[in-house]
Amino acid sequence: MSQMDTLLDKGKQALGWVDERFPLTSLYKAHLSEYYAPKNFNFWYFFGSLALLVLVNQIVTGIFLVMHYKPDAALNAAGVPVAFASVEYIMRDVPGGWIIRYLHSTGASAFFIVVYLHMFRGLLYGSYRKPRELVWLFGIAIFLCLMGEAFFGYLLPWGQMSGWGAQVIVNLFAAIPVIGPDLSIFIRGDFVVSDATLNRFFAFHVIAIPLVLLGLVTAHLIALHEVGSNNPDGVEIKKKKDTNGIPLDGIPFHPYYTVKDGFVAVVFLMVFSVVVFFAPEGGGYFLEYNNFVPYDALQTPPHIAPVWYFTPFYSILRATTSNFMWVLGALALIVGGLTVVSTKSKNVKALAVGVTAILLAGFALLDAKVWGVVLMGGSVMLFGLLPWLDQSPVKSVRYKGVLYASVLSVFVVAFVLLGILGTKAPGYAFFGLIPGEPVAAVCSVLYLAFFAFMPWYSRMDATKPEPERVTWK
Amino acid sequence: MSNDKLEVSGGASFSCNCADSSRRQLMAATAAVGGAVGVGVAAPFVASFLPSERAKAAGAPVEVDLSGLQPGEMKTVEWRGKPVWIVRRTPEMLESLKKSEAMLADPGSSRAEQPDYVKGAGRAIKDEYLVCVGLCTHLGCSPSAKFKPGAESGIGDDWPGGFLCPCHGSRFDLAGRVFKSMPAPDNLPIPPHTYVSDTRLIIGEDTKGA
Ligand code: HEM
Ligand code: FES
């Protein structure tokens, strides 16, 4: 036996020793070397693994930031809040501190870019449809956690945007009837945003939410590997298998997609580095300028807006004024009416009438402020209903008709416009001509309509027949 | 090592009737007690979210010296972590309160949070001094002073002078009264306050001097 062979043999023995105690080889096979993914993945399928990469970046840079950061709102000898000063200290005095911080702050925006594209892929190819409902729902839960994580994290530098952003968002909860005011005190742990708030947000940001997030990502991937990935054609590769039970259109994840994802990761890191080194503040969108001023509880900065990734939902909140309630009422009536006409089931009819009546009563009785909060949260949750709203016989936009393609395009435009408007001060007008408020109202309606009318337009759409097998050029 | 591992086959184990009924009852009772204990244990964790005794005790009254404040000027002090404004109103500013009346949501301050001893349009003990909590009743930003009336303010020709909230654009007049159809539903709150002398004011206490 050559020395090489003995070494290989030793390695095999060691692996055998582990396998008797832990399913290492079988896990490796089940999830990598014998996990068959469709061979026709395209650009849109990069973002899942990129999200994992960014998640790791956030966790690693986060751990190193916590080594120097101090969650303390008290003033130091120089009269600066300790938390704010500790971030300045990381930026100026800790060796390598600035790059670690910029990796983390830019990473937050990158995370949302990647996740928004990842979700959009779902809308394109119907990835949320049966049997991937749970993959999708775990995804929504991840998205909600991500929003929470970003919101809690934004308070930590204790700048003007941190403090006033938290003030506004926590006060949203005060709009809830009866329990609202106490709830907002409960969240802050004080009557104003204070040291107590900072410390609990710190606890949520560094441990509570990340733990939940990791659990959810694991569940997301377990569910995905149970049912297998969808693909740009939206046809199930598991329907056509060879004699060994391997999908004809499947290729093993490793080495094919590990190499591909590795390449994409390198390209992503190149783009990411350019931003980190040359535009870490993202023109005031990734790190807002007012946040370089310590929090002053006595003075709100002249312009406050949430970070860009929250702005579409924030715009919907702002658009919900007392006049907008009429539009919402009309929308509820139409959807309720449509449901009643188009279903045969007595129970569903009764349910539709009941829900519409409750909504209309609610719109009339409760403040627009309350509905703004409900709509802001609800507009995120609506994504969770997609698996049941979409009634199209096909999954992928490739075989859906022009109707869905147009509706989806309108939705994307509305979403982007809402996002842009959310970064602007009230009274903003596009090119100084087109006032922002009515545009935001129209876009909010379009956003809601995308979901509300899906059961109907997805059925009306002139779909094309799906191919038997995936298409591959 | 024995090989007699229990064969449990997925869903079947849930419907298995193998345990006798007395054991099942015991199991249910144990689970119920366990659940109750769980709720009990959760209580202190939930309670720890409430404001601490220290947070509740904070908020001692603050004393303000008004001697340096010129007519038309404003001073901000911190009381219970919140900004409290003191505006020394000029006769023209007081006059503007009449002009704004028609544009207000609650000119009589019937819904407003304010002590009984501040009355009338001025919402003050002494009309010359407006004392109010400078936090918007919408979502709690601190409005900015826009005292200059008219077009010069950038708000509009009919602007009587007052405050503009930077967050969602709510407007308030020089008595902290909110304009009609603004995101903010109510007038700015007036804190309890009292004058201990002509130029010394205590915020957070309403025992009238003596
Ligand atoms: C921390 C955030 C997330 C991570 C790390 C993550 C990770 C992944 C990975 C690695 C994949 C397989 C590769 C791919 O299809 O791109 C995947 C698939 C998927 N993800 Fe996510 N994901 C995240 C968030 C989300 C969110 C927010 C949603 C939607 C609300 C979502 C919905 C889906 C769906 C539907 C699939 C299957 C796609 C298909 O088969 O066509 N994920 N995810
Ligand atoms: S907080 Fe003042 S208008 Fe919203």
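Every chain is numbered from 1 and lettered A, B, ... according to where its sequence line falls, protein lines coming before strand lines.
Atom CZ of B/Arg54 sits in a sparse spot, with 12 or fewer heavy atoms from other residues, nucleotides or ligands closer than 6.0 Å. The environment of B/Phe179 atom CZ is dense: over 12 non-hydrogen atoms of other residues, nucleotides or ligands sit within 6.0 angstrom. Residue B/Lys148 places its NZ atom among 12 or fewer non-hydrogen atoms of other residues, nucleotides or ligands, all under 6.0 Å distant. The local environment of CD in B/Glu73 is crowded, with over 12 non-hydrogen atoms from other residues, nucleotides or ligands closer than 6.0 Å. The 12-atom threshold is exceeded at CD of B/Glu101, counting heavy atoms of other residues, nucleotides or ligands nearer than 6.0 Å. By the neighbour-count criterion of 12 heavy atoms within 6.0 Å, atom CD of A/Glu133 is densely surrounded, having more than that number from other residues, nucleotides or ligands.
In plain terms, the two heavy atoms of A/Ala297 and B/Gly81 that are nearest each other are CB-O, 3.8 Å. Between B/His168 and A/Val168 the shortest heavy-atom distance is CE1-CG1, 4.1 Å.
When each of B/Cys141, B/Ala58, B/Pro183 is scored by its heavy-atom pairs under 4.5 Å with chain A, the top score falls to B/Cys141. Among A/His303, A/Arg318, A/Lys369, the residue with the largest count of heavy-atom pairs under 4.5 Å with chain B is A/Lys369. Per-residue counts of heavy-atom pairs under 4.5 Å with chain B were compared for A/Ile304, A/Asn171, A/Asp190, A/Ile187; the largest is that of A/Asn171. When each of A/Val192, A/Asp195, A/Thr300 is checked for heavy-atom pairs under 4.5 Å with chain B, A/Thr300 comes out on top. In terms of non-hydrogen atom pairs under 4.5 Å with chain A, the most contact-rich of B/Gly169, B/Gly140, B/Pro143, B/Cys165 is B/Gly140. Ranked by heavy-atom pairs under 4.5 Å with chain A, the list B/Ala55, B/Pro185, B/Ser52 is led by B/Ala55.
Interface remark: B/Ser181 contributes no atoms to any contact with chain A (heavy atom separation under 4.5 Å). Residue contact with chain B, scored on non-hydrogen atoms closer than 4.5 Å, is absent for A/Phe173. Residue contact with chain A, scored on non-hydrogen atoms closer than 4.5 Å, is absent for B/Ser170.
At least one side-chain heavy atom of A/Trp164 sits less than 4.5 Å from a side-chain heavy atom of B/Ser142. Looking at heavy atoms from C-beta onward, B/Pro51 lies in side-chain contact with A/Ile185 at the 4.5 angstrom threshold. Within the 4.5 Å cutoff, side-chain heavy atoms of A/Phe186 are placed close to those of B/Val46. Between A/Gln167 and B/Leu135, some side-chain heavy-atom pair lies under the 4.5 Å cut-off.
Considering CZ of B/Phe49 and CG of A/Leu183, their distance stands at 11.0 Å, rounded to 0.5 Å.
Using a distance-only test at 3.5 Å, with no hydrogens or angles considered, no donor-acceptor pair links the side chain of B/Arg80 to the main chain of A/Phe191.
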